[in-house]
Protein chains: 2
Amino acid sequence: MVAKTETFSNPPARDKLLDAAIGLMRDRGYNATTVDHICVEAGVTKGAFFHHFKSKEAIAEAAVDEWCRRRVARYTEDLGDPSDDPLARIDRWLDGLIESVREPVERPVCLLGMLSQEMAGSNSRMRTVCQAKLEGWTGLVAQLLDAARRIHAPRRDFDSLQIGWMLNSLWQGSLLVAKTRRDPEVVANNLRHAKAYIGTLFANG
Amino acid sequence: MVAKTETFSNPPARDKLLDAAIGLMRDRGYNATTVDHICVEAGVTKGAFFHHFKSKEAIAEAAVDEWCRRRVARYTEDLGDPSDDPLARIDRWLDGLIESVREPVERPVCLLGMLSQEMAGSNSRMRTVCQAKLEGWTGLVAQLLDAARRIHAPRRDFDSLQIGWMLNSLWQGSLLVAKTRRDPEVVANNLRHAKAYIGTLFANG
DNA sequence: CGAAAAATACCGACCGGTTGGTATGGTAGC
DNA sequence: GCTACCATACCAACCGGTCGGTATTTTTCG
């Protein structure tokens with residue numbers, strides 16, 4: 001939050017704890033992940049944990065933050081050159097999403113979706129955090145769609161923010177289904193339909 | 001012991017426990033819902049709980065079952081006359097979904113989605129249960145789409161099961177987003193886009 | 001029928017293990 | 001000697017589940 005970040009003198013304990021928390025909470029969720037387990041996974045003791053994070057909830061917040069940071073970094077990479085055709089960038093981005101769940105190491109689980117589902121109804125603080133992340137992501141998509149509209153003739157009017165929310169919802173729901181069915185392919189299929197739908201919004205989609 | 005206020009009119013403790021479990025787990029999820037809390041909410045003791053359900057996991061399974069039973073009952077009602085035009089039935093069904101989240105009393109939360117998200121990754125038994133429910137629901141939608149294809153000329157070929165999964169995914173994701181944003185309207189918007197997309201599948205959509 | 005017997009429904013104190021969190025002490029670098 | 005960093009021991013609350021016992025309903029059988 002402060003301009004002067006502590007990243008330069010960061011011993012690995014905090015990072016290892018964050019990685020462990022992300023991994024465990026992605027698999028089991030918040031409540032089923034214990035502080036002790038995070039410590040074991042990170043290879044540090046509880047003293048280190050509560051030195052770096054004031055509570056379990058605090059590391060969950062930090063984990064969501066870090067998770068979203070990494071996702072955005074990947075999306076930015078997938079989108080490619082900002083001067084390219086926005087529609088092409090959206091296509092590349094969706095293709096990146098499809099590919100990402102196909103990578104064997106990368107289970108089709110989103111920490112943000114997991115914690116939103118589990119905590120939004122009972123923990124107002126985490127709900128707010130997740131809401132902000134969700135809105136940030138959707139806003140990015142909406143900007144891309146707006147940019148596309150400025151270049152391509154829209155076949156019919158549409159609310160880009162609404163489309164953004166639809167894509168976000170479809171993405172989260174797809175991950176849920178893919179995890180439950182143990183079949184990531186549903187994500188690919190769903191996103192293909194999403195691409196087709198976006199195509200119908202533009203004249204030469 | 002206090003005078004029997006309602007014990008005599010056979011108020012099945014099991015039903016009250018199930019209702020309580022559904023309500024609490026829909027709000028807080030599985031792990032954050034304690035057996036004690038379910039008992040208090042149901043107004044029965046722990047003895048009654050473990051008489052009717054052999055474990056906490058068992059009541060979660062039963063709760064999912066009962067929840068899906070109720071949902072299917074509602075969907076069947078919304079679908080209306082089976083001899084009607086399948087496309088009209090699908091439309092009525094989607095409208096029913098939109099309306100359902102607008103009812104103030106009915107928070108936009110699906111127990112099936114909640115437990116799928118929370119447990120599918122760590123509890124293989126519950127994962128299987130949820131998978132079966134998800135597949136049952138999707139199969140129903142696919143049947144409707146197949147029926148529609150038999151009557152209406154499809155503008156282009158499509159896999160009805162795949163469309164079913166997309167609708168299911170979009171529904172679950174929409175609920176997740178609606179809950180996190182505290183705005184059920186996103187569900188309505190998303191389902192409207194889904195209706196539009198289904199329209200593009202048929203000639204006179 | 002009616003009483004004994006058995007199954008069912010429910011109660012609530014209790015238990016062993018777990019949980020998030022604390023208190024305290026140590027150590028390395030400035 | 002001060003601060004950042006980490007280790008160990010410990011705790012009070014809580015959790016899922018057990019258990020011995022009681023009340024009520026259903027079944028068995030003379």
Side-chain angles (χ1 to χ4, degrees), chain A residues 1-2 4-25 27-64 115 118-119 122-126, chain B residues 1-25 27-64 115 118-119 122-123 125-126:
Chain A
M1 184 176 280
V2 188
K4 189 166 242 179
T5 58
E6 319 120 20
T7 40
F8 60 96
S9 68
N10 231 356
R14 201 190 122 99
D15 293 348
K16 288 198 286 187
L17 282 165
L18 218 45
D19 279 339
I22 289 174
L24 288 170
M25 289 185 183
D27 281 343
R28 307 178 216 276
Y30 177 80
N31 287 295
T33 298
T34 72
V35 172
D36 281 321
H37 200 164
I38 295 175
C39 292
V40 169
E41 190 81 359
V44 304
T45 61
K46 237 175 181 177
F49 182 99
F50 283 100
H51 171 73
H52 289 288
F53 302 97
K54 76 172 203 296
S55 68
K56 184 186 173 187
E57 199 182 318
I59 202 179
E61 260 185 63
V64 166
L115 296 194
E118 191 179 357
M119 308 180 78
S122 53
N123 185 320
S124 73
R125 184 181 171 81
M126 278 301 292
Chain B
M1 186 183 301
V2 192
K4 342 182 164 184
T5 54
E6 45 180 4
T7 37
F8 195 68
S9 58
N10 191 17
R14 204 192 116 99
D15 292 350
K16 291 200 285 187
L17 282 165
L18 258 187
D19 279 340
I22 289 174
L24 288 170
M25 287 185 183
D27 281 343
R28 309 174 212 272
Y30 176 81
N31 287 296
T33 298
T34 72
V35 173
D36 282 318
H37 200 162
I38 295 175
C39 293
V40 169
E41 190 81 358
V44 303
T45 61
K46 230 172 184 179
F49 182 98
F50 284 101
H51 171 71
H52 290 289
F53 302 98
K54 76 173 205 294
S55 68
K56 184 186 173 186
E57 198 182 319
I59 202 180
E61 261 184 63
V64 166
L115 297 194
E118 190 179 358
M119 307 180 78
S122 54
N123 185 318
R125 183 181 172 81
M126 278 301 292

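Within every chain, numbering begins at 1; the chains are lettered A, B, ... in the order of the sequence lines, protein sequences first and strands thereafter. No experiment lies behind these values; they were computed from the predicted model shown.
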Round to a whole Å and report the spacing from [atom1] of [X] to [atom2] of [N].
{"X": "B:Phe50", "N": "D:dC15", "atom1": "CZ", "atom2": "P", "value": "12 Å"}
{"X": "A:Phe53", "N": "C:dT22", "atom1": "CZ", "atom2": "P", "value": "16 Å"}
{"X": "B:Lys54", "N": "C:dT8", "atom1": "NZ", "atom2": "C1'", "value": "19 Å"}
{"X": "A:Phe49", "N": "C:dT22", "atom1": "CZ", "atom2": "P", "value": "11 Å"}
{"X": "A:Asp36", "N": "C:dT18", "atom1": "CG", "atom2": "P", "value": "10 Å"}
{"X": "A:Leu24", "N": "C:dT19", "atom1": "CG", "atom2": "C1'", "value": "15 Å"}
{"X": "B:Tyr30", "N": "D:dC15", "atom1": "OH", "atom2": "P", "value": "13 Å"}
{"X": "B:Glu57", "N": "D:dC15", "atom1": "CD", "atom2": "P", "value": "18 Å"}

If you measure from [atom1] on [X] to [atom2] on [Y], what distance do you get to the nearest 0.5 Å?
{"X": "B:Tyr30", "Y": "B:Arg28", "atom1": "OH", "atom2": "CZ", "value": "15.5 Å"}
{"X": "B:Met25", "Y": "B:Ile38", "atom1": "CE", "atom2": "CD1", "value": "4.5 Å"}
{"X": "B:Asp19", "Y": "B:Asp15", "atom1": "CG", "atom2": "CG", "value": "7.0 Å"}
{"X": "A:Phe53", "Y": "A:Leu17", "atom1": "CZ", "atom2": "CG", "value": "6.0 Å"}
{"X": "B:His52", "Y": "B:Lys16", "atom1": "NE2", "atom2": "NZ", "value": "10.0 Å"}

Taking only N/O atoms, report every protein-nucleotides 7-9 of chain D pair under 3.5 Å with atom names and distance.
{"residue": "D:dA7", "atom": "OP2", "partner": "A:Thr45", "partner atom": "N", "Å": "3.2"}
{"residue": "D:dA7", "atom": "OP2", "partner": "A:Thr45", "partner atom": "OG1", "Å": "2.7"}
{"residue": "D:dA7", "atom": "O5'", "partner": "A:Thr45", "partner atom": "OG1", "Å": "3.4"}

So, is A:His52 near the phosphate of D:dC6, with a side-chain N or O under 4.0 Å from OP1 or OP2?
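Answer is yes, contact under 4.0 Å.
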
Does A:His51 have a side-chain nitrogen or oxygen under 4.0 Å from the phosphate oxygens OP1 or OP2 of D:dC6?
no

Is there a donor-acceptor pair closer than 3.5 Å between any side-chain N or O of A:Glu118 and the backbone N or O of A:Asn31?
yes

